[in-house]
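The basis for the numbers below is simple: all heavy atoms, side chains too, and nothing from hydrogens, waters or symmetry mates. All chains are named by letter (A, B, ...) in the order of the sequence lines, taking the proteins before the strands, and each is independently numbered beginning at 1.
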Number of protein chains: 2
Amino acid sequence: MKATINDVAKQAGVSIKTVSRVMNNESSVRQLTREKVMKAVNELHYQPNLAARNLAGSKAYSIAFIYDNPNAYYVIDMQNGILAACKQQGFELIIHPCQAKSEHVLDEIADMVRKSRVAGLVLTPPFSEMPEFVQKIIDLDVDVVRIMSGDVAPDEIAPCIMVNDHAASESITQHLIDLGHKHIGFIGGESAHMSTVERLRGYKKALTDNGIIVDERLIIDGEYSFESGVHGAKQLMSEDVRPTAIFSCNDEIAAGSLFAARLMGISIPDQLSIAGFENSPFSRQTWPRLTTANQPNQKIAEDAANILIAKSRKQLAKNSVNHYTPRLIVRDSTGKISNLN
Amino acid sequence: MKATINDVAKQAGVSIKTVSRVMNNESSVRQLTREKVMKAVNELHYQPNLAARNLAGSKAYSIAFIYDNPNAYYVIDMQNGILAACKQQGFELIIHPCQAKSEHVLDEIADMVRKSRVAGLVLTPPFSEMPEFVQKIIDLDVDVVRIMSGDVAPDEIAPCIMVNDHAASESITQHLIDLGHKHIGFIGGESAHMSTVERLRGYKKALTDNGIIVDERLIIDGEYSFESGVHGAKQLMSEDVRPTAIFSCNDEIAAGSLFAARLMGISIPDQLSIAGFENSPFSRQTWPRLTTANQPNQKIAEDAANILIAKSRKQLAKNSVNHYTPRLIVRDSTGKISNLN
DNA sequence: AATGAAATTGACAGCGCTGTCATTATCAAA
DNA sequence: TTTGATAATGACAGCGCTGTCAATTTCATT
């Protein structure tokens with residue numbers, strides 16, 4: 001049924017080794033031979049067997065995606081990005097959701113690596129931001145790419161993709177300030193995530209640069225969830241100094257803030273501006289639509305996978321560092337400060 | 001570095017075949033021997049290599065998930081369900097998003113099956129509902145489970161998981177009727193999806209059973225998207241006979257309907273009741289929260305994977321058929337008909 | 001204690017491919 | 001035309017496991 005390398009070799013009148021060379025795009029195969037082989041490959045619908053390649057070769061053909069993230073849009077975007085890179089290169093994707101808090105995470109990952117040879121792991125926050133954890137993974141003798149928040153890579157132990165949340169957050173806050181807001185609330189995600197720290201930093205920077213004093217009462221610790229947005233907004237709106245704008249650390253929190261505002265009969269954006277972060281599909285599905293910052297997760301993930309693939313082919317000299325800065329997208333949930341307040 | 005079956009055999013003082021037997025839970029291994037082997041396995045952190053198993057054995061250890069669905073929540077739920085089954089049984093998940101409309105789908109799937117030995121495919125709509133397509137896949141000599149809409153399996157060519165959209169839709173519509181609504185709009189998803197057809201059927205059944213005449217002007221063709229909900233609701237609310245309630249074919253459409261209602265200054269549920277379908281996370285994240293029907297996607301997917309696993313172990317006599325009926329969840333987007341209308 | 005059937009174990013080939021190394025073909029330069 | 005270097009190809013082992021089948025052990029019966 002399924003054609004093997006032997007069938008192709010026979011049909012093309014060459015040795016299996018030559019077929020192998022063609023399939024792996026190795027040089028030193030004469031053009032004529034290559035064509036003969038490709039003809040047979042096409043006729044037989046030959047597709048090299050991954051298991052056999054994995055077993056026989058020293059190269060790997062899979063990439064693992066490690067995450068602990070309840071955000072479906074994020075996960076799907078990342079998957080699709082990795083998949084795009086994989087498809088081009090004949091790689092396979094192994095998805096590995098896990099609990100950052102579990103004590104077994106490392107064991108689980110180690111088991112996975114023992115079970116399937118893997119070209120490398122795509123590490124997302126919070127894993128990517130735990131230096132000792134990353135080091136332990138590397139000690140497992142696997143390659144790794146870290147996707148993390150920040151403008152400068154923290155160390156050289158692995159290639160990084162840095163997302164400049166600081167700058168993006170600054171531009172969101174600046175946008176709010178430009179609209180006339182002076183009392184701007186901030187609802188954070190998990191403080192263990194660097195993205196929260198960085199976004200808070202950008203928020204403070206913008207305020208300070210504009211001569212606005214940071215009011216700690218307007219800064220709420222939260223987590224990256226809808227519910228957290230609901231609570232955060234309720235809390236902020238019951239402060240003595242009510243903010244006229246809220247910067248929510250991601251779109252889900254923002255949606256929650258929106259929800260809470262509705263409950264309290266506050267109209268958006270007339271009485272309160274709300275901004276999110278991430279540009280996930282549902283920032284377009286709230287009413288009003290959310291002002292946010294676009295984080296190109298799919299591109300980032302594709303990048304990450306390509307780095308791993310290049311590395312496994314020894315085409316990567318040193319640990320590269322790529323940079324992304326989310327861009328402000330103004331929609332309807334933010335507006336000029338009105339005299340209703 | 002990584003322990004192989006040889007290392008374990010040596011350490012346990014048995015042959016590799018015996019180790020293999022233990023790892024595969026075969027009978028006819030003495031208890032004492034089994035313990036010796038397991039001791040070595042644990043000491044060496046031995047994990048059988050998947051590639052080698054795939055290559056050597058006649059069994060497969062992967063399940064492929066085939067889908068064409070923009071709904072991130074749906075996909076994640078399904079993945080997690082399959083993954084749960086896989087984890088228990090040492091299987092691996094291969095995700096395969098693809099375009100139902102593309103002419104290459106079948107080739108792509110065929111290539112995937114040639115490349116990785118697979119225990120079977122989990123087919124979701126629309127693939128699962130295309131009989132000729134399913135047959136072609138089966139002709140590829142792969143096992144298949146179909147997850148589809150309906151109360152009776154259409155044929156015997158493969159095991160099915162039937163989701164009774166008809167009954168669920170009927171109970172949603174009945175709920176609306178019980179609240180006093182007589183003009184109930186319906187916004188469908190893609191009409192190529194059986195779920196749309198079945199939900200429409202349930203809707204009509206409930207109306208008819210309650211002596212309400214079906215008004216075709218209140219039935220809008222759409223697709224499973226937020227935008228479609230926006231358009232559909234706008235259209236419905238500009239009819240001569242304005243509906244007092246809208247049954248949207250899924251939560252995204254419902255969210256869109258909600259959005260459109262806001263734009264038009266219609267308050268929910270006072271002036272208009274809106275119901276969704278699926279109970280995706282964001283039915284809880286709109287304002288007001290959506291009345292919907294809970295579709296247990298994760299359970300369904302786990303089921304599907306387990307069927308495939310059982311089948312690949314010849315533990316399944318005939319093609320099984322499982323049934324699920326989504327259950328009504330009443331939240332805040334539906335209410336008694338008011339005299340505002 | 002001898003017997004035979006059943007339970008338990010092991011030797012060995014081979015899954016489909018790649019890596020290594022040896023062999024052969026090719027071609028410019030002498 | 002011969003030579004030598006280089007390009008192109010092939011033979012063969014072996015990756016880590018399972019399937020087959022044969023060898024050995026066990027144990028209830030005689």
Side-chain angles (χ1 to χ4, degrees), chain A residues 1-37 40-41 44-62 90 92 113-119 312-314, chain B residues 1-37 40-41 44-62 90 92 113-119 312-314:
Chain A
M1 179 71 230
K2 290 184 200 172
T4 73
I5 200 171
N6 285 299
D7 303 324
V8 178
K10 207 165 293 169
Q11 174 128 349
V14 299
S15 73
I16 59 169
K17 183 66 221 192
T18 297
V19 177
S20 171
R21 289 197 178 91
V22 172
M23 295 313 290
N24 289 287
N25 259 311
E26 287 175 28
S27 57
S28 84
V29 176
R30 219 182 314 168
Q31 185 57 28
L32 187 75
T33 314
R34 190 178 298 272
E35 279 160 14
K36 271 195 307 188
V37 171
V41 165
L44 298 172
H45 294 290
Y46 171 65
Q47 192 78 339
N49 179 289
L50 241 180
R53 284 182 137 180
N54 269 323
L55 195 55
S58 56
K59 305 189 218 58
Y61 297 87
S62 310
E92 211 182 42
V113 170
R114 284 189 200 102
K115 183 168 147 182
S116 322
R117 168 178 282 141
V118 156
S312 85
R313 296 194 177 142
K314 320 284 191 250
Chain B
M1 180 69 231
K2 291 185 201 172
T4 73
I5 200 171
N6 286 297
D7 303 323
V8 178
K10 207 166 293 169
Q11 174 126 349
V14 299
S15 74
I16 59 168
K17 183 65 221 192
T18 297
V19 176
S20 171
R21 289 198 178 91
V22 172
M23 296 313 291
N24 289 288
N25 260 311
E26 287 175 28
S27 57
S28 81
V29 176
R30 220 182 314 168
Q31 185 57 26
L32 187 77
T33 314
R34 190 179 296 274
E35 279 160 14
K36 273 195 306 189
V37 170
V41 165
L44 296 172
H45 294 290
Y46 171 65
Q47 191 79 339
N49 179 289
L50 241 181
R53 284 183 137 181
N54 269 323
L55 194 55
S58 56
K59 304 190 218 55
Y61 298 87
S62 310
E92 211 182 45
V113 171
R114 284 188 199 104
K115 183 168 147 182
S116 322
R117 167 179 284 142
V118 157
S312 86
R313 295 194 179 142
K314 320 285 191 253

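Taking atom CZ of residue B:Arg30 and atom C1' of nucleotide C:dG10, one finds them 13 Å apart after rounding to whole Å. Separating the CZ atom of A:Arg114 from the P atom of D:dC15 is a distance of 20 Å, rounded to the nearest angstrom. Atom CG of B:Leu55 and atom P of D:dG14 are 17 Å apart (whole Å). In this structure, B:Leu44 places its CG atom 14 Å from P of D:dG16, rounding to the nearest Å.
Phosphate proximity of C:dT8 to B:Ser28: absent, as no side-chain N or O sits under 4.0 Å from OP1 or OP2. Between A:Thr18 and D:dG10, a side-chain N or O to OP1/OP2 separation shorter than 4.0 Å is present.
The two residues A:Arg34 and A:Glu26 come nearest to each other via the heavy atoms NH2-O, 2.9 Å.
When atom types are taken as modelled, the side chain of A:Asn24 and the backbone of A:Arg21 share no donor-acceptor pair closer than 3.5 angstrom. Although no hydrogens or angles enter the test, the distance criterion places a donor-acceptor pair under 3.5 Å between the side chain of A:Lys2 and the main chain of B:Val113. A distance-only check finds a donor-acceptor pair linking the side chain of B:Thr4 to the backbone of B:Asn6 [under 3.5 Å]. A side-chain donor-acceptor contact under 3.5 Å links B:Lys115 to the backbone of A:Gly90. In this structure, the side chain of A:Arg117 does not engage the main chain of A:Ser62 through any donor-acceptor pair within 3.5 Å.
Within 4.0 Å of B:Ser27, counting heavy atoms only, lies no atom of the nucleic acid at all.
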Enumerate the protein-to-nucleotides 17-22 of chain C contacts in which both atoms are nitrogen or oxygen and the separation is below 3.5 Å.
| unit_1 | atom_1 | unit_2 | atom_2 | d |
| --- | --- | --- | --- | --- |
| C:dC17 | OP1 | A:Tyr46 | OH | 2.5 |
| C:dC17 | OP1 | A:Asn49 | N | 3.1 |
| C:dC17 | OP2 | A:Ile5 | N | 2.3 |
| C:dC17 | O5' | A:Tyr46 | OH | 3.4 |
| C:dT18 | OP1 | A:Asn24 | ND2 | 2.9 |
| C:dT18 | OP1 | A:Arg53 | NE | 3.1 |
| C:dT18 | OP2 | A:Ser20 | OG | 2.5 |
| C:dG19 | OP1 | A:Ser58 | OG | 3.2 |
| C:dG19 | OP1 | A:Lys59 | NZ | 3.4 |
| C:dG19 | N7 | A:Lys17 | NZ | 2.6 |

